[in-house]
Student: 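Below is one structure. I have some questions about it.
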Amino acid sequence: MILMTKRPTTWTSLLLLALLVLALAGCASSTPADSPSPTTAATEPKFDPEALKPAVVLDEMAGHLYTSWQLWQVENYPLAAMHAGHTLGESLPQVEKTLPAATLDALKAALTTYQTATGLAGDQAVAQQAYDGAAVAIAAARQSLPNVDDPRFQAAVMREVLETVEREYAEGVDAGKIVNIAEYQDSFGFVAVIQAQYPALSPAVQERDADGDVEIAGALEKLGAAFSAVMPVEPLTPLADVAEETDEIRAELAKIFELTDAAALSTQEIVALVREMTQHAVDEYAKGEIDEAYEVAANAYLEGFEHLEGPLLTKDRELVETLETQFKALRDQIKAGAALADVQAVAASIGENMDRAEALLK
């Protein structure tokens, strides 16, 4: 079950979402006898990290679909149509070269049928059937990918989706107020999928670290409270609190399944990484490489600073919020084509505050 309230839905759609995510994650969990040991998982990974992208895209597609369906049921047809459009216009092109032709055709047809059926007010039964068909098609596409029987792979996919949750929430909510409802709703849908997926992954987590499983379940429940409604009531949960829960889950999954990334670095190494990536973003911006600069700036936060947020929140919550605001300002200025001097000034401020963070975490 999804640990959320105030979501207009039917038992049929809840059941279908559960079936969808169980299909996505069910094969990812294995019996204890078949589960790889942590040592084996770390030294002999079963999957190519590049294989993560299509799985992440399909899980996010499921989130867009779920969000659209919730919006249709509260009669917000324009936003429902917009999120349905994300499945076709944003997500589908990213997996077209990955999926078998027949699977791709079935997925595209089901998503198109759903978009047509829910673009405006209409018959509930027809819309429900279209939603069910699209959900099943996404599940079938997800099952066609390699590595679906590997719990480490599912954990790695989940960590990537959680990164997106935090990023989209940062873009959608500022100081407890909605600044971009679509970004908030993207996170809403992604969290719904993760919460429904985790019970299928949980046995593999328990087999490795029972306490870690409890930590993840608790963090997921708290995270769900931040996304209690598709049309939220202000004030919303502070970004720092959402970041704390997403970082907790990502860190536990990385530790339990020995998924190597910046989480394995020391505080000093992470701070150095953030400085290097921030400067790289400025350098790319100076050369006119706007897209590259934006991506590097985003990764300085996602692949660097977010690994310090959890421990830093216990030391200085205000500093965390300041840095999150500055990282967002850096991305926004790059996207807006701000003067180079302004971009450099924000990067310099990030560097100064990273020095403060490093001193606090020694």
Side-chain angles (χ1 to χ4, degrees), residues 2 9 13-14 16-28 50-72 79-119 127-148 153-154 156-169 172 182-198 200 227 230:
I2 298 172
T9 188
S13 62
L14 274 177
L16 185 66
L17 180 64
L19 290 174
L20 164 64
V21 294
L22 285 173
L24 298 182
C27 292
E50 290 299 315
L52 292 175
K53 183 176 179 180
V56 170
V57 170
L58 287 168
D59 283 3
E60 292 179 356
M61 181 187 288
H64 287 307
L65 181 73
Y66 180 76
T67 295
S68 173
W69 181 232
Q70 300 307 301
L71 286 164
W72 190 87
L79 281 176
M82 182 191 70
H83 286 283
H86 286 171
T87 66
L88 281 162
E90 181 180 302
S91 299
L92 191 66
Q94 298 182 63
V95 294
E96 284 181 336
K97 296 181 180 179
T98 303
L99 298 177
T103 302
L104 177 63
D105 290 345
L107 178 59
K108 185 175 182 179
L111 294 175
T112 301
T113 298
Y114 171 80
Q115 187 175 44
T116 300
T118 58
Q128 178 77 62
Q129 185 176 14
Y131 171 76
D132 292 356
V136 168
I138 294 172
R142 181 65 167 77
Q143 286 298 105
S144 75
L145 299 177
N147 308 302
V148 292
F153 181 80
Q154 188 60 44
V157 171
M158 194 173 290
R159 293 182 75 249
E160 294 288 322
V161 177
L162 282 164
E163 278 193 3
T164 308
V165 167
E166 188 172 331
R167 181 173 68 250
E168 300 286 279
Y169 194 81
E183 303 288 0
Y184 164 83
Q185 289 168 342
D186 285 345
S187 290
F188 168 92
F190 302 157
V191 169
V193 171
I194 290 169
Q195 285 191 302
Q197 282 180 342
Y198 187 70
F227 297 93
V230 69

Student: Nearest heavy-atom pair of A55 and V157: which atoms, and what distance?
Tutor: CB-CG2, 3.7 Å

Student: Just verifying a value: how many Å separate M61 CE and F190 CZ, rounded to the nearest 0.5 Å?
Tutor: 11.0 Å

Student: To the nearest 0.5 Å, what is the distance between OH on Y66 and CD on Q185?
Tutor: 12.5 Å

Student: Please name all residues satisfying side-chain hydrogen bond (donor to acceptor under 3.5 Å, both in side chains) with S91, sequence neighbours left out, ordered by chain then number.
Tutor: none

Student: If I take atom CG from residue L162 and atom CD1 from residue I194, how far apart are they, to the nearest 0.5 angstrom?
Tutor: 3.5 Å

Student: Is it the case that the side chains of Q154 and N147 hold a donor-acceptor pair, with the cut-off being a distance below 3.5 Å and no angle test?
Tutor: no

Student: Identify, with sequence neighbours excluded, every residue that meets side chain to side chain contact (heavy atoms under 4.5 Å, CB included) alongside T116.
Tutor: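 Residues passing side chain to side chain contact (heavy atoms under 4.5 Å, CB included) with T116: T112.
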
Student: Taking the side chain as C-beta and beyond, is there a heavy-atom pair between D186 and Y169 under 4.5 Å?
Tutor: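 They are not in side-chain contact.
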
Student: Indicate the ring-plane relationship of Y131 and W69, choosing parallel, tilted or perpendicular according to the 30° and 60° boundaries.
Tutor: parallel

Student: Using the side-chain hydrogen bond (donor to acceptor under 3.5 Å, both in side chains) criterion, which residues pair with E166? Sequence neighbours excluded.
Tutor: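 Applying side-chain hydrogen bond (donor to acceptor under 3.5 Å, both in side chains) to E166 gives T246, Y301.
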
Student: How close do A110 and G133 get, heavy atom to heavy atom, and via which atoms?
Tutor: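 Minimum heavy-atom separation between A110 and G133: CB-O, 3.8 Å.
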
Student: Quick check: closest heavy atoms across V230 and F188, and the distance to 0.1 Å?
Tutor: N-CE1, 3.3 Å

Student: With sequence neighbours excluded, what pairs up with L99 under the side chain to side chain contact (heavy atoms under 4.5 Å, CB included) test?
Tutor: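 Once residues adjacent in sequence are excluded, the partners of L99 under the side chain to side chain contact (heavy atoms under 4.5 Å, CB included) criterion are L58, V95, L104, L107, A141, S144, L145.
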
Student: Enumerate the ring pair (Phe, Tyr, Trp, His ring centres under 6.0 Å) contacts for residues 95-115, please, sequence neighbours excluded, ordered by first and then second residue.
Tutor: none

Student: Can you give me the closest heavy-atom contact between G63 and V193, atom names plus distance?
Tutor: N-CG2, 3.6 Å

Student: Any donor-acceptor pair under 3.5 Å linking the side chain of T118 with the backbone of A127?
Tutor: no

Student: Which heavy-atom pair separates M82 from A182 by the least distance, and what is that distance?
Tutor: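 Closest approach of M82 to A182: CE-CB, 3.3 Å.
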
Student: Taking E183 for its side chain and E168 for its backbone only, find out whether a donor-acceptor pair lies under 3.5 Å.
Tutor: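 The answer is no, because no donor-acceptor pair under 3.5 Å joins these two groups.
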
Student: Working to the nearest 0.5 Å, report the span between CZ of R142 and OG1 of T103.
Tutor: 13.5 Å

Student: Hey, is the main chain of E90 close enough, under 3.5 Å, to the side chain of Q94 for a donor-acceptor pair?
Tutor: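 A pair under 3.5 Å: yes.
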
Student: Between the main-chain N or O of H64 and the side-chain N or O of T67, is there a donor-acceptor pair closer than 3.5 Å?
Tutor: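 Pair absent, no side-chain N/O of T67 close to backbone of H64.
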
Student: Could you tell me the separation between the CD atom of Q70 and the CG atom of L65, rounded to the nearest 0.5 Å?
Tutor: 10.0 Å

Student: With sequence neighbours excluded, tell me which residues meet ring-ring contact (aromatic ring centres under 6.0 Å, His included) with H83.
Tutor: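 Here the qualifying residues are H86.
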
Student: Considering all heavy atoms of both residues, which atom of L52 and which atom of F153 are nearest to each other, and what is their separation?
Tutor: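 Heavy atoms of L52 and F153 come nearest at CD2-CE1, 3.5 Å.
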
Student: Return the OG1 to CD1 distance between T87 and I138, rounded to the nearest 0.5 Å.
Tutor: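 Separation between the atoms: 6.5 Å.
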
